[in-house]
> 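To start, I am sharing the structure in question, which I have written as structure tokens.
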Amino acid sequence: MPTVSLDFHFNRPIERVWLALTDPKKLAKWVMENDFKPIVGHKFQFRTEPNPVWDGIVHSEVLVVDQPNKLFYTWETAGESTTVTWTLKEMDGTTHLHLEQIGFENEGHAYHGAKQGWTLMAKKLDQVLAEL
């Protein structure tokens with residue numbers, strides 16, 4: 001199965017990056033509106049404007065919270081059921097953020113959309129981190 005695997009580096013402390021991943025207001029600035037809580041078992045949604053090919057809703061459930069090192073949740077939308085894992089490591093004040101999204105049926109529209117989407121969202125994340 002295809003996997004989206006992306007690495008990002010931010011010149012920010014790990015606590016700031018963790019906050020941007022887990023605070024719903026911060027998360028909304030770079031991903032989508034949401035009702036996220038960093039609690040294992042919490043079911044939540046990411047929501048955005050629907051379009052002709054997508055209802056704009058991602059159904060998710062928090063699976064792992066290991067502050068500030070790992071966050072793992074489901075990502076179900078448009079007929080695809082995947083999981084997203086964020087792994088954080090800090091070295092010399094720089095935070096390495098690794099994203100892995102697994103479970104795609106094939107390298108179709110959803111896979112390519114996720115790869116492109118996360119890359120664009122990471123640029124927004126950098127802006128959010130600059131505001132913290």
Side-chain angles (χ1 to χ4, degrees):
M1 282 198 262
T3 298
V4 173
S5 182
L6 300 168
D7 291 290
F8 309 103
H9 297 275
F10 300 103
N11 290 323
R12 305 278 183 243
I14 195 169
E15 294 80 12
R16 282 195 193 179
V17 179
W18 180 261
L19 183 65
L21 289 174
T22 59
D23 178 277
K25 287 185 169 83
K26 309 276 186 281
L27 200 52
K29 289 183 177 185
W30 67 277
V31 181
M32 291 177 243
E33 289 294 325
N34 64 87
D35 55 348
F36 178 83
K37 290 180 186 170
I39 299 168
V40 173
H42 177 67
K43 293 182 179 178
F44 67 100
Q45 292 180 338
F46 285 107
R47 296 174 302 281
T48 191
E49 291 296 316
N51 62 47
V53 295
W54 182 46
D55 67 3
I57 300 172
V58 178
H59 300 277
S60 299
E61 180 178 350
V62 179
L63 302 176
V64 173
V65 178
D66 177 15
Q67 182 176 350
N69 306 302
K70 187 173 274 198
L71 180 64
F72 184 32
Y73 49 80
T74 60
W75 183 280
E76 297 177 13
T77 189
E80 288 277 350
S81 182
T82 63
T83 54
V84 172
T85 303
W86 296 101
T87 306
L88 298 83
K89 290 181 184 167
E90 185 177 38
M91 291 178 62
D92 301 323
T94 297
T95 301
H96 170 82
L97 180 62
H98 176 74
L99 162 74
E100 199 164 278
Q101 187 171 6
I102 62 170
F104 293 97
E105 298 279 325
N106 55 52
E107 287 194 25
H109 178 72
Y111 167 79
H112 291 290
K115 196 170 185 179
Q116 180 182 11
W118 287 121
T119 301
L120 292 171
M121 285 185 271
K123 290 179 183 172
K124 289 183 189 173
L125 172 56
D126 195 33
Q127 295 169 351
V128 169
L129 291 170
E131 297 169 5
L132 291 177

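These figures come from a predicted structure and were not determined experimentally.
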> Indicate the atoms forming the closest heavy-atom contact of Glu80 with Ala110, along with that distance.
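Looks like CG-CB, 3.5 Å.
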
> Going by the angle between their ring planes, with limits at 30° and 60°, are Tyr111 and Phe104 parallel, tilted or perpendicular?
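Rings of Tyr111 and Phe104: perpendicular, as their planes differ by over 60°.
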
> Write down the atom of Ile39, the atom of Val62, and the distance for their closest heavy-atom approach.
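Here Ile39 and Val62 meet closest at O-CB, 3.3 Å.
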
> Taking only residues at least two apart or on different chains, which pairs with a member in residues 49-77 satisfy salt bridge (Lys or Arg N to Asp or Glu O under 4.0 Å)?
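Every candidate salt bridge (Lys or Arg N to Asp or Glu O under 4.0 Å) pair involving residues 49-77 fails, so no pair, neighbours aside, qualifies.
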
> Group every Ile, Leu, Val, Met, Phe, Trp and Tyr by side-chain heavy-atom contacts under 4.5 Å, then state whether Phe8 and Ile102 land in the same group.
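No, separate clusters.
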
> Looking only at non-hydrogen atoms, find the nearest pair between Val65 and Val40 and report the distance.
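Answer, listing the atom of Val65 first, then Val40: N-CG2, 3.8 Å.
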
> If you count heavy atoms of other groups shown closer than 6.0 angstrom to CD of Glu15, is the number above 12?
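More than 12 within 6.0 Å, yes.
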
> How long is the span from the OG1 atom in Thr82 to the CD atom in Glu100, to the nearest 0.5 Å?
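The distance works out to 11.5 Å.
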
> For Leu88, is there any backbone N or O sitting under 3.5 Å from a side-chain donor or acceptor partner on Trp18?
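Answer holds: no.
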
> Using the rule that Ile, Leu, Val, Met, Phe, Trp and Tyr join whenever any side-chain heavy atoms are under 4.5 Å apart, tell me whether Val64 and Leu97 fall into a single cluster.
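Looking at the clustering, Leu97 is in a separate group from Val64.
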
> In terms of side-chain geometry, is the basic nitrogen of Arg47 or Asp35 positioned less than 4.0 Å from the acidic oxygen of its partner?
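Yes, this pair counts.
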
> Check whether Asp92 reaches the backbone of Thr94 with its side chain - one donor and one acceptor, N or O, closer than 3.5 Å.
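No: the side chain of Asp92 does not pair with the backbone of Thr94.
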
> Say you draw a straight line from NZ of Lys37 to OG1 of Thr22; how long is it, rounded to the nearest 0.5 Å?
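Between Lys37 NZ and Thr22 OG1, I get 13.5 Å after rounding to 0.5 Å.
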
> Tell me whether Thr95 contacts the main-chain N or O of Glu90 through its side chain, where contact means a donor paired with an acceptor under 3.5 Å.
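No; judged by distance alone, with no hydrogens or angles, the pair does not exist.
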
> Do the side chains of Trp118 and Val84 get nearer than 4.5 Å, heavy atoms only?
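They are in contact (side-chain heavy atoms under 4.5 Å apart), so the answer is yes.
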
> Could you label the plane-to-plane angle of the Tyr73 and Phe44 rings as parallel, tilted or perpendicular, counting under 30° as parallel and over 60° as perpendicular?
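Aromatic pair Tyr73/Phe44 classed perpendicular.
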
> Test side chain to side chain contact (heavy atoms under 4.5 Å, CB included) on Phe36 and Val31 and set out the steps.
CA-CA 11 Å; Phe36 178 83; Val31 181; over 6 Å; no

> If hydrophobic clusters are built from ILVMFWY residues whose side chains come within less than 4.5 Å, do Phe72 and Leu21 share one?
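Shared cluster, no.
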
> Applying a strict under-4.5 Å side-chain criterion to I, L, V, M, F, W and Y, I'd like to know whether Leu63 and Trp86 cluster together.
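Looking at the clustering, Trp86 is in a separate group from Leu63.
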
> Check for me, please, whether Ile57 and Trp54 land in the same ILVMFWY cluster - side-chain distances under 4.5 Å, paths through other members count.
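In one cluster: no.
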
> Nearest 0.5 Å, please: how far is CD in Gln127 from CG in Leu132?
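With rounding to 0.5 Å, CG (Leu132) is 12.5 Å from CD (Gln127).
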
> Looking at Glu131 and Lys29, what are the two nearest heavy atoms and their distance?
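Smallest heavy-atom distance, with atoms named: OE1-NZ, 3.5 Å.
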
> Tell me if the NE2 atom of His98 is crowded by more than 12 foreign heavy atoms within 6.0 Å.
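Counting neighbours around NE2 of His98, more than 12 heavy atoms of other residues, nucleotides or ligands fall under 6.0 Å, so yes.
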
> Taking Ser60 for its side chain and Thr74 for its backbone only, find out whether a donor-acceptor pair lies under 3.5 Å.
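Present.
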
> Would the number of heavy atoms belonging to other residues, nucleotides or ligands and lying under 6.0 Å from CD of Glu33 be above 12?
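Counting other residues, nucleotides and ligands, CD of Glu33 stays at 12 neighbours or fewer.
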
> Can you name the closest pair of heavy atoms from Leu6 and Lys115 and give their distance?
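Taking Leu6 first and Lys115 second, the nearest heavy atoms are CD1-O, 4.0 Å.
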
> Students often mix this up, so state it plainly: with edges at 30° and 60°, are the rings of Trp75 and Phe46 parallel, tilted or perpendicular?
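Ring orientation of Trp75 relative to Phe46: tilted.
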
> State the CD-CG distance between Gln67 and Leu19, to the nearest 0.5 angstrom.
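Reported to 0.5 Å precision, the distance equals 9.0 Å.
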
> If you measure from CG on Leu129 to NZ on Lys26, what distance do you get to the nearest 0.5 Å?
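Going from the CG atom of Leu129 to the NZ atom of Lys26 covers 10.5 Å.
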
